[in-house]
S.K.: 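Next up is a structure, given as structure tokens.
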Number of protein chains: 2
Amino acid sequence: MGKQVVLYGAVGGVLIALLKVIEYKHFVHEYPSEIYGGLIAVIFTVLGIYFGLRWTRAKEVVVIREVPVRMDGPFVMNAEKLKEVGLTAREHEILALIAQGLSNREIGEKLFISENTIKTHSSRLFEKMQVNRRVQAVQKAKDLGLIP
Amino acid sequence: MGKQVVLYGAVGGVLIALLKVIEYKHFVHEYPSEIYGGLIAVIFTVLGIYFGLRWTRAKEVVVIREVPVRMDGPFVMNAEKLKEVGLTAREHEILALIAQGLSNREIGEKLFISENTIKTHSSRLFEKMQVNRRVQAVQKAKDLGLIP
DNA sequence: CCCTGAATCATCCGAACGGGCGACTGCGCG
DNA sequence: CGCGCAGTCGCCCGTTCGGATGATTCAGGG
């Protein structure tokens with residue numbers, strides 16, 4: 001802002017000097033002093049507005065409205081918890097498919113293995129997660145960050 | 001803004017008139033005209049700054065910043081979706097309990113009603129949500145914001 | 001080489017679930 | 001009053017699930 005003050009002073013000085021020069025050459029003898037004063041008033045009003053705005057332009061009031069956006073990101077799996085629970089890759093895979101609402105049969109078809117195998121895996125992962133129903137397993141897995 | 005213009009004009013007029021009165025009484029003969037002009041300059045600069053700021057002060061810049069807020073806390077239910085799906089209060093309640101991993105029997109005991117009734121409710125809510133397995137219902141309900 | 005862990009498949013059984021049906025009650029609305 | 005809706009309950013039937021147990025195969029480590 002310091003520079004602007006100097007600039008403003010300089011401009012004002014130049015104008016006043018200019019007016020003074022003009023004053024003795026034309027205006028004083030040709031126009032009444034009210035016009036002289038009016039001119040100065042107009043010029044400095046404009047300058048005042050200009051610099052007033054300029055000095056405060058950056059002072060825009062920034063209203064930050066925080067919109068709560070649900071972003072759970074790309075889902076980062078909690079590898080520690082996975083090891084902690086002791087799930088194998090296959091069990092984890094099947095857990096994910098269970099969480100998608102698939103039946104054991106559908107999972108079996110999807111993975112080209114028997115439904116019985118799915119049941120074995122699911123039983124084991126239920127044990128490891130200490131639950132006894134698939135919905136509970138899904139809920140717990142979500143809490144632990146094992147599935148999205 | 002119109003009022004301000006009028007006000008500004010009025011203030012300016014009064015000041016000029018005032019200066020004119022003063023002019024013939026004191027200043028012209030006691031002070032050089034530069035001071036007279038400088039006075040006008042200062043006064044109108046201040047006025048310019050004042051009104052310039054005043055007219056543009058309301059220039060608030062509203063920045064809508066979408067902030068990734070982790071709002072798992074309070075959980076605001078999506079009432080629109082609830083009506084859209086057409087679930088009754090009871091069905092919604094039972095849906096929530098299903099999502100907690102409870103069996104039909106457990107839900108019945110918790111609500112002091114028959115397991116058969118739970119089955120009726122769950123069947124109806126499955127229809128309304130267009131699913132045929134409880135895990136699917138839970139998943140869909142979470143997506144729709146019907147349950148935490 | 002043997003042992004272990006994993007993945008696979010199987011069988012059995014009881015419990016849980018889903019779907020369908022009928023029925024009764026209580027409440028609000030026209 | 002009659003009608004419809006929500007809530008309650010019961011029964012039946014077939015499917016799915018969960019639990020238990022056993023077997024086979026295969027890869028990797030001691």
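Chain A is the first sequence line, chain B the second, and so forth, proteins listed ahead of strands; every chain is numbered from 1.
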S.K.: Let me know the distance between CG of B:Leu125 and C1' of C:dG19, rounded to the nearest Å.
M.R.: 14 Å

S.K.: Looking only at atom types and distance, does a side-chain atom of A:Glu109 sit under 3.5 Å from a main-chain N or O of A:Glu106, one as donor and one as acceptor?
M.R.: no

S.K.: C:dT8 P sits how many Å from A:Glu91 CD, rounded?
M.R.: 10 Å

S.K.: Quickly work out the B:Ile118 CD1 to C:dG18 P distance and round it to whole Å.
M.R.: 12 Å

S.K.: Is the shortest side-chain N/O distance from A:Arg133 to OP1 or OP2 of D:dG18 below 4.0 Å?
M.R.: no

S.K.: Does atom NZ of B:Lys110 have more than 12 heavy-atom neighbours, drawn from other residues, nucleotides or ligands, at distances under 6.0 Å?
M.R.: no

S.K.: Starting at atom CG of B:Leu97, determine the distance to atom P of C:dC17, rounded to an integer number of angstrom.
M.R.: 13 Å

S.K.: In whole angstrom, give the distance that lies between atom NZ of A:Lys128 and atom C1' of C:dG5.
M.R.: 9 Å

S.K.: Could you tell me whether B:Asn104 contacts a base, only the sugar-phosphate backbone, or nothing, with contacts defined as non-hydrogen atoms closer than 4.0 Å?
M.R.: sugar-phosphate

S.K.: Using a cut-off of strictly less than 4.0 Å, decide whether A:Arg105 has a side-chain nitrogen or oxygen near OP1 or OP2 of D:dT16.
M.R.: yes

S.K.: Take the protein atom NZ of A:Lys119 and the nucleotide atom C1' of C:dA15, then report the distance between them rounded to whole Å.
M.R.: 12 Å

S.K.: Hey, does B:Arg134 reach any base, or is it just sugar-phosphate, or nothing, if we go heavy atoms under 4.0 Å?
M.R.: sugar-phosphate

S.K.: Please tell me which of the listed nucleotides, C:dG18, D:dA6, D:dG18, lies nearest to the side chain of B:Thr88?
M.R.: D:dA6

S.K.: I want to check one thing: is the phosphate of C:dA7, taken as OP1 and OP2, less than 4.0 Å away from some side-chain N or O of A:His121?
M.R.: no

S.K.: Can you identify which nucleotide, out of D:dC9, C:dG18, C:dT8, has its nearest atom closest to the B:Asn132 side chain?
M.R.: C:dG18

S.K.: Any sub-3.5 Å donor-acceptor pair from A:Lys81's side-chain atoms to A:Leu144's backbone N or O?
M.R.: no

S.K.: Ignoring backbone atoms, establish whether A:Arg90 has a side-chain N or O less than 4.0 Å from OP1 or OP2 of C:dT8.
M.R.: yes

S.K.: What's the CZ-C1' distance between A:Arg124 and C:dG5, to the nearest Å?
M.R.: 9 Å

S.K.: Quick one: pull up CZ in A:Arg90 and CD1 in A:Ile113 and give me the separation to the nearest 0.5 Å.
M.R.: 4.5 Å

S.K.: By nearest heavy atom, map B:Ala89 and A:Thr120 onto DNA chain D; which one lands nearer the 5' end?
M.R.: B:Ala89

S.K.: Go through D:dG18, D:dT16, D:dG10 for me and flag the one nearest to the A:Ser103 side chain.
M.R.: D:dT16

S.K.: By nearest heavy atom, map A:Ser123 and B:Gly86 onto DNA chain D; which one lands nearer the 5' end?
M.R.: B:Gly86

S.K.: Please round to the nearest 0.5 Å and tell me the distance separating atom CD1 of B:Ile107 and atom OG of B:Ser122.
M.R.: 7.5 Å

S.K.: Please tell me which of the listed nucleotides, C:dG18, D:dG19, C:dT11, lies nearest to the side chain of A:Asn116?
M.R.: C:dT11

S.K.: Using whole Å, what does the distance between atom P of nucleotide D:dA6 and atom CD of B:Glu127 come to?
M.R.: 12 Å

